[in-house]
Asks: 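Can you read through this structure? Questions will come right after.
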Amino acid sequence: MDTKENITENKEEKAVTSNFIRSIIERDLASGKHKSIVTRFPPEPNGYLHIGHAKSICLNFGLANDYRGRCHLRFDDSNPVKEDVEYVNSIMEDVHWLGFDWGEHLYYASDYFDKLYEFAEYLIKAGKAFVCDLSWEELKEYRGTLTVPGKDSPYRNRSIEENLDLFRRMKAGEFPEGSRTLRAKIDMASPNLNMRDPVIYRIKKTHHHRTGNDWQIYPMYDYTHCVSDALEGITHSICTLEFEDHRPLYDWFLDQLPVPCHPQQIEFARLNLAYTIMSKRLLLELVNNHLVSGWDDPRMPTIAGMRRRGFTPEAIRDFSERIGVSKANSLVNDELLMFCVREDLNKRAERRMVVVNPLKLTITNYPEGKIEDFAAENNPEDPSAGKRKIKFSRHLYIEKDDFSENPVKGWFRLSLGKEVRLKYAYYITCNEVIKNEKGEIIELLCTYDEKSRGGWTEDGRKVKGTLHWVCAESAIPVELRLYDRLFTLADMSNMEEGKTYQDYLNPNSLIVKQNCLAEENLQEAKIGEHYQFLRIGYFNVDYNSKPGALIFNRIVDLKDSWAKLSKKI
RNA sequence: UGGGAUGUCGUCUAAUGGUAGGACAGCGGACUCUGGAUCCGUAUGUGAGGGUUCAACUCCUUCCAUCCCAGCCA
């Protein structure tokens, strides 16, 4: 796959920043503990992937690429109540789109249900697990609290024969949901709650998206995950910080069981991004409450949303690389993501001219009916992108913001008596402003200098301002969707007392601009294509576009140093 | 108040006993047919206190702050 090769190549060119996981891997490789590494990305198919998952995907697949190992995609599907094939499919699509390939190594935890069951009987026979009849409430009570040790279950000392019989009957579906569990026999007094005889199996008479109605009991995460890792020969099982407390249990199971190997669990800090949320639950709420248009709303931090917005996989991978990996909880500025997007698109996106807020401009000394073609660079960063023709006539539109009747200091756009350049066309000077009854500017009358054809003159005259424009005769109307941060609070984990995420929704996160005018060349724009609209920003053709009714999503705006400057004035 | 973890420029992240570095953001400048891009320059940091050492972000110690854990979720 093309992108895969690129990743490897890039790695060799770019100095990779070290991190503690790389150190562990390099040590293990150097010591001969492992000849090669195997990682895995283990999503539960209960929602769409987001930028936080992207970090994990890039980490796991990236490590496998860099150290010439492999990375498995494994669906952690041990809770059929929350899982669905819709999510399985979207996850595979997103991982591929990001540029990664698991090859033959697609797995499901549910593939191991038989093996997992055998191992559970093994634990029972070894006296390490028992069937417990405590109800949910009782179990909670027996567990104790953070500071108070738990109490042994009254069923803890059942005979192996009884446990085996009961467990087999649980499997056979003889008991109702919630009536019994299989528990590991560890230590109810452990300060680590995960070690207080954790549940291994629970009864759930739920249809599973892969195993159908084969099972009446389903294994819990802690038991399933470590065994799945071991069965797949995973060397480094990388997960997020909240599983740190689970590591003793991960190791305990693998120590008791006759598994082929004992992977090392390594925890890193999950990604937090400024001005957004990463909780699957809240993301689902945004969708269900119609606060966004769907999982792929371009404002969503989901991979699907970012894809629709126009972010590129390259930019997301670059971002993942730049944020690094550590164990410290952190909040990453969204500006870094935007930087990565701009940097990538600057090299690749073709330029076009689009006027967002059109203001009519007539060139009084340019003949009525005359139309000229000018050659415009498709991408000044990439000469191989070639040139295109754009039409010019007496009647044009420019950006309302590019004219000022009372120019402030430092203004070098258009104003009365001032000369500016129309990009690729002519120098023009504004002579007259036409207003309506309300005093609003509705048209500018200008003259052009015929000798400035193409946008420059031989006398070397300095023209500070260069404006984008469209030809009134040939421009096409388009819709622009201007996206901004979904929330107004940078650290959404730090909301004011009593407020919810809904109190921080940014009312301006989507501004729809109808009847913007685009140069005629955009007529042929295809869904998904990326463009830079000169002096405006990067845009992507939304899939809701229809022939003759194009819709563009703003991916990110251009750096605007005038906006910054003018604020200081 | 039990257990586990984490504190390095504004932000993210390197440096594992030997010059605290990079990136983004910021600031200043150059250049420019995008006030884009590019280039150059520049300020800002080891949570606090003790100790060990010729030398401490790094080792020891005390403290402080923050995060995670009481699902038959993952």
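Chain identifiers are assigned alphabetically (A, B, ...) following the order of the sequence lines, protein sequences preceding nucleic acid strands; residue numbering begins at 1 within each chain.
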Asks: When the distance from CG of D222(A) to P of C69(B) is rounded to whole Å, what number comes out?
Replies: 13 Å
Asks: Quick one: on RNA chain B, does P219(A) or V325(A) contact a more 5' nucleotide (nearest heavy atom)?
Replies: V325(A)
Asks: Which of these nucleotides, A74(B), G35(B), U34(B), is closest to any side-chain atom of R202(A)?
Replies: A74(B)
Asks: Which is true for S326(A) with a 4.0 Å heavy-atom rule: it touches a base, it touches only sugar-phosphate, or it touches nothing?
Replies: sugar-phosphate
Asks: When we call it a touch if two heavy atoms are under 4.0 Å apart, what does L134(A) touch: a base, just sugar-phosphate, or nothing?
Replies: base
Asks: S135(A) near the nucleic acid: base, sugar-phosphate alone, or nothing, with a heavy-atom cut-off under 4.0 Å?
Replies: base
Asks: Rounding to an integer number of Å, can you tell me how far I217(A) CD1 sits from C72(B) P?
Replies: 16 Å
Asks: Classify the angle between the aromatic ring planes of H246(A) and F243(A) as parallel (below 30°), tilted (30 to 60°) or perpendicular (above 60°).
Replies: perpendicular
Asks: What's the closest nucleotide to the side chain of N79(A) if the choices are A74(B), C27(B), G35(B)?
Replies: A74(B)
Asks: Quiz question: by atom type and distance under 3.5 Å, do the side chains of Y250(A) and D229(A) form a donor-acceptor pair?
Replies: yes
Asks: Can you work out whether L146(A) or E377(A) has the more 5'-proximal nearest nucleotide on RNA chain B?
Replies: L146(A)
Asks: Describe the nucleic acid contact of G410(A) in one word from base, sugar-phosphate, nothing, applying a heavy-atom distance below 4.0 Å.
Replies: base
Asks: Considering every strand and a 4.0 Å limit on heavy-atom distances, what is the contact class for R413(A): base, sugar-phosphate, or nothing?
Replies: base
Asks: Rounding to the closest angstrom, what is the interatomic distance between C67(B) and U62(B) at atom P?
Replies: 23 Å
Asks: Once you apply a heavy-atom cut-off of 4.0 Å, does D245(A) come out as touching a base, just sugar-phosphate, or nothing?
Replies: base
Asks: Determine which nucleotide pairs with G71(B), using a 3.5 Å limit on both distances of a Watson-Crick or G-U wobble pair.
Replies: none
Asks: From the set G35(B), A70(B), G71(B), return the single nucleotide nearest to any side-chain atom of T145(A).
Replies: A70(B)
Asks: Any strand is fair game: report the nucleotide pairing with A5(B) by Watson-Crick or G-U wobble, both distances under 3.5 Å, or none.
Replies: U66(B)
Asks: Who does C54(B) pair with, Watson-Crick or G-U, both distances under 3.5 Å?
Replies: G18(B)
Asks: Do the ring centers of F552(A) and F533(A) come within less than 6.0 Å of each other?
Replies: yes
Asks: Within 45 degrees of the ring normal and closer than 6.0 Å to the centroid, is that where the cationic atom of K389(A) sits relative to F374(A)?
Replies: no
Asks: Which nucleotide in the list A74(B), G71(B), A5(B) gets nearest to the side chain of W136(A)?
Replies: G71(B)
Asks: When only distance counts, do a donor and an acceptor, one from the side chain of R247(A) and one from the base of G4(B), lie under 3.5 Å apart?
Replies: no
Asks: Can you tell me the pairing partner of G36(B) across any strand shown, Watson-Crick or G-U wobble, with both distances under 3.5 angstrom?
Replies: none
Asks: In terms of side-chain heavy atoms of L193(A), which of C69(B), C72(B), A14(B) is nearest?
Replies: C69(B)
Asks: Just compare U34(B), C73(B), U6(B) and give me whichever is closest to any side-chain atom of T466(A).
Replies: U34(B)
Asks: By a 5.5 angstrom centroid cut-off and a 30 degree plane limit, is there stacking between W562(A) and G35(B)?
Replies: yes
